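See below for the structure under consideration.
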Amino acid sequence: LKAADPTRREEAMRTILAFGPDKAYEALPDIIGELKKHKPPGRVDLSVCITGVTTMSTILAAQKEPDPKLVDDALGVYKTFLKDDQVLLKARAVQGVLALGPKAQDALEDVMKVARDGATWDVRREGLLSLGKIAAQMKTLNPKVPAELHKAVNDNSLPVRMLGLQTILALKDKFDAKEIKNTVDKIETRAKKEEDPGLQIFAYNTIMTLTGEVKKAHLDPILKLLTHKEPMVRLQALQAIKTLGPKGEAALDDVIKIARKADTWEMRKEGLLAVMALSLDKEKLNPKGLVELTHALSDPSPELRLHVLEVLATLKPVLDKKDIGALVGTLEKQVSTEKEAIVRVWMNATIVTLTGEFTQARLDPIMGMLKHKEVPVRLQALQVLALGGKLAKPIVLNAIVEAIRDPDVTVSVAAVDALPNLHAIEMLPMLRKIMEDKKSHPDLIEAAEDAVAILEEIIALEKAQKEKKTPEKK
């Protein structure tokens, strides 16, 4: 570390980290001592400074309670390097100053200067990142911080402007009412002239997040971008609207158009997700949301139809009996004409979920799929039947046991895997025979072993619960 050759000093600083945080910490005073010699116009070799400050930062970050004297000395080094005219050194210093923990707040002024450094946007971004993290540690926000973030929002670099908005959102709970209003005004001024549509969307969405209000002046510019020529911009607009939740109900009709008419199923799915975000308010569903889900059951894309079924299965708690009845009726009609076998499986599963009816009539269509010619269909049918658990067991157990003899081993394994879900304890002897049969496929033996272990745990748990309910007589 004290060699005259800067190459050797740099190599020593880099090698120190290999000895682990505790041993490296012992060398920290010498590293800091070397870096303190850098006092422009008197300079230490640039490579030594860059490696040294990086090593110093790594060592400090690994210490829970470093010596306060060392922390103060390190702070002095950071403050010097943050003012240096070498861009790379300044960048490493602003990245590393966070290693000081709360003490980094003492370097706030210097970090803010880096965040507005005119040399390169990359250094400004690094400064802004550290500024946000230092500000997040403050109990009371330094009043100079919002002003710096306002400058970032108007930076000529798009990534810096984006980070400025993101940092404002991260710190919003530390802003008082006056700072919120001033910040909203600054963002709105910038948003009106923002050339990048994605950033414009984010800017208006930031305003609505800060105010907690969805105003026409802030929502309309996002709605206009739902018809932008670039799919990514349309997607960003949808995702921004989705974050508004029920407060964004005014956007519902525009979003419905996307959910129905977008040229790809992925975009229609995003539209539908946005419809649901705007429609679902705690335990209440906007009727338009249910209408769109029902409409999407006829979408030409099987992927989207499956997604709709997944959503419908989760909505039972917010649907009244009338809505459930109408929905089940629609599904019963739809399943009779559905061409995709896997979609038919899940349509029937959704009917069972909505009605709560684990009856022969409801489960027969699903069990029938265990004979389907396509393996993926048989696997999906097993998955659905297993989800029925103990309630479905009296009806589906025989069909699942028969599926263990399926010619495809993946189906056989899936059938064995389903038994613990059904609490099929009576199948333990059969499972043990599979384990003992040398002709059984290795995958099937492994599945049987797992199933036996789970079923035995179920038996033990049920026994313990029974003994707890019936205390032993004295």
Side-chain angles (χ1 to χ4, degrees), residues 1-117 119-120 122-138 142 148 163 167:
L1 287 173
K2 297 180 181 179
D5 185 344
T7 309
R8 294 181 63 190
R9 297 203 304 277
E10 182 190 0
E11 184 62 31
M13 289 179 180
R14 185 180 290 113
T15 304
I16 280 168
L17 294 176
F19 291 94
D22 293 335
K23 274 291 181 184
Y25 181 65
E26 294 177 12
L28 189 56
D30 291 327
I31 295 172
I32 293 175
E34 176 65 20
L35 298 179
K36 285 172 72 174
K37 296 175 184 176
H38 183 80
K39 294 179 180 179
R43 309 186 71 89
V44 173
D45 185 275
L46 179 60
S47 293
V48 173
C49 287
I50 290 172
T51 299
V53 74
T54 302
T55 300
M56 179 177 73
S57 301
T58 303
I59 294 170
L60 283 171
Q63 297 299 315
K64 292 182 179 179
E65 296 181 3
D67 185 337
K69 173 68 168 56
L70 288 177
V71 172
D72 286 338
D73 288 345
L75 173 63
V77 172
Y78 284 121
K79 288 171 74 70
T80 298
F81 286 10
L82 287 168
K83 298 183 184 77
D84 201 272
D85 56 3
Q86 292 289 338
V87 171
L88 188 54
L89 180 56
K90 193 181 297 185
R92 292 293 176 267
V94 83
Q95 291 168 341
V97 72
L98 297 172
L100 295 174
K103 192 69 176 176
Q105 295 178 36
D106 291 351
L108 183 66
E109 293 283 349
D110 298 295
V111 171
M112 287 193 292
K113 288 177 183 176
V114 175
R116 71 177 94 104
D117 187 284
T120 167
D122 199 22
V123 170
R124 293 198 300 279
R125 184 182 61 176
E126 293 299 330
L128 193 57
L129 277 168
S130 291
L131 174 60
K133 291 176 181 178
I134 291 170
Q137 296 177 347
M138 296 177 177
N142 186 306
E148 288 302 318
L163 181 57
T167 307

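Note that this is a predicted model, so its numbers are computed, not measured. Index from 1, following the sequence.
A salt bridge (Lys or Arg N to Asp or Glu O under 4.0 Å) check over residues 42-62, counting only residues at least two apart or in different chains, returns the pairs R43-D84, R43-D85. Applying the side-chain hydrogen bond (donor to acceptor under 3.5 Å, both in side chains) definition to pairs two or more places apart or across chains, those involving residues 53-63 are S57-Y78. Identified under the ring pair (Phe, Tyr, Trp, His ring centres under 6.0 Å) test for residues 42-67, with sequence neighbours left out: none. The salt bridge (Lys or Arg N to Asp or Glu O under 4.0 Å) analysis of residues 88-97, with sequence neighbours excluded, yields the pairs K90-D117.
Using modelled atom types and a 3.5 Å distance limit, the side chains of D5 and T7 yield a donor-acceptor pair.
Here the CD-CD distance, from Q137 to Q105, works out to 6.0 Å after rounding to the nearest 0.5 Å. Of the inter-residue distances, the one linking K133 atom NZ with T167 atom OG1 reads 10.0 Å to the nearest 0.5 angstrom. We find the CD1-CG distance between I50 and L35 to be 11.5 Å, quoted to the nearest 0.5 Å. The structure places CG of D106 at 8.0 Å from CG of D72, a figure rounded to the nearest 0.5 Å.
The two residues L60 and A74 come nearest to each other via the heavy atoms CD1-CB, 3.7 Å. For M13 against G52, the heavy-atom pair with the smallest separation is SD-CA, 3.4 Å. For the pair A115 and L128, the tightest heavy-atom approach, listed with the atom from each and the gap, is CB-N, 3.9 Å. Taking every heavy atom of both residues into account, V114 and G127 meet most closely at CG1-CA, 4.0 Å. Between K36 and V77, the shortest heavy-atom distance links the atoms CG-CG2, 3.7 Å. Pairing each heavy atom of A91 with each of V123, the nearest pair is CB-CG2, 4.2 Å.
Remark: D110 pairs with K79, K83 by the side-chain hydrogen bond (donor to acceptor under 3.5 Å, both in side chains) rule, at least two apart or across chains. Listed by chain and residue number, D73 satisfy the side-chain hydrogen bond (donor to acceptor under 3.5 Å, both in side chains) test with K69 (two or more places apart in sequence, or in another chain). With sequence neighbours left out, R8 forms a side-chain hydrogen bond (donor to acceptor under 3.5 Å, both in side chains) with no residue at all. By the side-chain hydrogen bond (donor to acceptor under 3.5 Å, both in side chains) test, S47 pairs with no residue at all, sequence neighbours left out. Shown here are the salt bridge (charged side-chain N to carboxylate O under 4.0 Å, His left out) partners of E10, two or more places apart in sequence or in another chain: R14. In this view, K37 and E34 satisfy the salt bridge (charged side-chain N to carboxylate O under 4.0 Å, His left out) rule, not counting sequence neighbours. Considering only residues two or more places apart in sequence or on other chains, S130 meets the side chain to side chain contact (heavy atoms under 4.5 Å, CB included) condition with V94, L98, V111.
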Going by atom type alone, with no hydrogens or angles, which donor-acceptor pairs under 3.5 Å involve a side-chain atom of residues 21-33 and a protein atom two or more places apart or on another chain?
residue, atom, partner, partner atom, Å
Y25, OH, D67, N, 2.8

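Under the 4.5 Å side-chain criterion, counting only non-hydrogen atoms from C-beta, V44 is in contact with R9. Within the 4.5 Å cutoff, the side chain of L129 has heavy atoms near those of the E126 side chain.
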